[in-house]
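Below is one structure, written out as structure tokens, with a few remarks after it.
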Amino acid sequence: MTLYYTLALSFGMILAHITLRSHLARPVKYDRFEKLAEIMYAIGIFVCIELLWNYLIKFNVIISTWDMSVIQQKNNYSTFLLFCLPYPLYFARKKRLHILSELLMLLCIFMSGSRGGMVSAIVLVPFLLAYLSLAPGEKTRRLGRFAAVGAVAVLGIAAVCVIVFILLLEKTGVITHDEPRYLMIRRTIDAFKQNPIFGTGLGNTSNTDIYLPKKGAFYWYHSLPLQLMGSLGLVGIAAYSYQALGRMLQISRRLTPATAALGLSYLGILIMSCFNPGEFVPLPYELMVVTTFVMVELSGGEKSVYIKGKV
């Protein structure tokens, strides 16, 4: 399993990028981004139906216990929905009725019982509102655009800090200090102190007394920042920070409604990765991220994405 995750997250994603880039650069008769947006939109609706169906078949249990978190795959549902959230808004620029689909997806995230999903959605909502109001056409004024994005970013960061602080308070009952995810914080600090340069490695099994993964799973810290500190040390932190910065710059240099939607999709999984494995899952999540940024690259040159009437 360690070998699989190590290779899949490194050389595997490089190979995926090369393959996707070569295939998606071929000229087609349709707008390739809009096709992706339609697919992601459909995935979001399907996940909502699946979530609601699961609640329906477990309705008696929910009524008797008043526990909305009875769905085991709630974090997976929320992660997919966070990927899909920006796409109804892309279509809502022309037809406001699509906002109803956006509200349905947000409702399902909160209904899922996924704590990471709820926090991520709360942080993402200001960005989604900014996107809906600032992207009526293909381009917006640069100064106003960056001022608005900067203001929303500050609000988003402040929201993250406040929400995380509230969640870490024992009295809230949302997270307790004896559960594995909380205990992993101290283990991360210890691992980082012992191996600050390269970390303890992705295959480290010293935390199995707190969290013992199921067959086929990984030794998660259940948080991207914690995973980097504990498993990969300063080298991993520097590498992933460089990658995230490069991705953000790639979006900002080609900022259109299409690339902004792709960027918000990435932001959703990035925030969710602070509370769940997220980007450390090669299939499907990191492959979806790679696909997202291949589309960002291609959106920089419209002729390579959409050539009307030519094959």
Side-chain angles (χ1 to χ4, degrees), residues 30-59 62-63 68-71 73-140 145 148-149 151-152 155-156 159 163 251 255-272 284-285 288-289 291-292 295 299:
Y30 54 87
D31 186 317
R32 208 181 295 274
F33 168 76
E34 287 208 2
K35 181 63 67 175
L36 174 69
E38 290 171 0
I39 293 169
M40 296 300 289
Y41 194 155
I43 289 173
I45 296 298
F46 180 82
V47 171
C48 289
I49 295 171
E50 179 73 8
L51 177 71
L52 295 173
W53 173 252
N54 270 270
Y55 274 129
L56 183 62
I57 61 178
K58 296 179 181 178
F59 184 74
I62 294 171
I63 290 297
M68 294 289 288
S69 61
V70 295
I71 300 178
Q73 62 270 38
K74 55 183 179 290
N75 289 325
N76 291 327
Y77 284 153
S78 293
T79 304
F80 275 112
L81 287 173
L82 288 166
F83 262 116
C84 301
L85 275 179
Y87 297 103
L89 295 183
Y90 176 80
F91 293 103
R93 295 178 308 114
K94 296 179 180 178
K95 192 172 183 180
R96 294 294 180 178
L97 192 62
H98 291 287
I99 293 176
L100 295 177
S101 298
E102 183 75 9
L103 293 175
L104 174 63
M105 292 184 193
L106 284 169
L107 176 64
C108 286
I109 289 175
F110 285 96
M111 286 180 58
S112 69
S114 168
R115 295 172 296 182
M118 288 187 283
V119 172
S120 301
I122 291 171
V123 176
L124 201 59
V125 162
F127 292 91
L128 296 171
L129 292 174
Y131 174 77
L132 186 61
S133 61
L134 293 173
E138 284 304 311
K139 293 183 179 179
T140 57
R145 181 180 66 197
V149 171
V152 173
L155 290 174
I163 292 168
I251 293 166
L255 203 55
T256 66
T259 57
L262 292 164
L264 288 174
S265 181
Y266 169 63
L267 183 61
I269 181 61
L270 188 62
I271 299 171
M272 185 62 163
Y285 301 139
M288 292 173 70
V289 172
T291 305
T292 296
M295 290 301 302
S299 296

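What you see is a predicted model; the values in this text were computed from it and never measured.
Between T259 and T256, the shortest heavy-atom distance links the atoms OG1-N, 2.8 Å. When all heavy atoms of P88 and S101 are compared, the closest pair comes out as CB-CB, 4.3 Å. Looking at every heavy atom in both residues, L128 comes nearest to P86 through CD2-CA, 4.1 Å. Across S120 and G116, no two heavy atoms sit closer than the pair OG-O, 2.7 Å.
Within the 4.5 Å cutoff, side-chain heavy atoms of L262 are placed close to those of L36. No side-chain heavy atom of M272 sits under 4.5 Å from any side-chain heavy atom of V119. Counting only heavy atoms from C-beta outward, the side chains of Y87 and I43 never approach each other to under 4.5 Å. Side-chain contact between V123 and L267 is absent, with no heavy-atom pair separated by less than 4.5 Å. Here the side chains of I122 and F110 are in contact, with some heavy-atom distance below 4.5 Å. Residues Q73 and N54 form a side-chain contact, since some pair of their non-hydrogen atoms from C-beta on lies under 4.5 Å apart.
Atom CG of L106 sits about 11.5 Å away from atom CD1 of I99, to the nearest 0.5 Å. The distance from atom CZ of R96 to atom CG of L132, rounded to the nearest 0.5 Å, is 4.5 Å. How far CE of M118 is from NZ of K74: 9.5 Å, rounded to the nearest 0.5 Å. For the atom pair NZ (K35) and CE (M295), the distance works out to 12.0 Å, reported to the nearest 0.5 Å. Put simply, CD1 on I39 and OG1 on T291 are 10.5 Å apart, with the number rounded to the nearest 0.5 Å. The distance from atom CG of L82 to atom CG of L264, rounded to the nearest 0.5 Å, is 11.5 Å.
For the pair S112 (side chain) and I109 (backbone), a donor-acceptor distance under 3.5 Å is present. With hydrogens and angles disregarded, a donor-acceptor distance shorter than 3.5 Å links the side chain of S265 to the backbone of F83.
Each of N75, L81, T79 was scored for a side-chain contact (heavy atoms from CB on, under 4.5 Å) with S114, with one residue passing: N75. Among L124, L85, L89, the single residue meeting the side-chain contact (heavy atoms from CB on, under 4.5 Å) criterion with Y131 is L89.
Using cut-offs of 30° and 60° on the angle between ring planes, the pair Y41 and H98 is perpendicular.
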Decide yes or no on ring pair (Phe, Tyr, Trp, His ring centres under 6.0 Å) for F80 and F46, but give the supporting numbers first.
CA-CA 10 Å; F80 275 112; F46 180 82; 9.7 Å; no

Worked verdict on L100 versus L97 for side chain to side chain contact (heavy atoms under 4.5 Å, CB included)
CA-CA 6 Å; L100 295 177; L97 192 62; 3.6 Å; yes

List the steps and the verdict of side chain to side chain contact (heavy atoms under 4.5 Å, CB included) for I45 and L104.
CA-CA 8 Å; I45 296 298; L104 174 63; 4.3 Å; yes

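Annotation: cation-pi pair R93/F91 absent, no NZ/CZ under 6.0 Å from the ring centroid and within 45° of its normal.
Residues meeting the side-chain hydrogen bond (donor to acceptor under 3.5 Å, both in side chains) test with E38, sequence neighbours left out: none.
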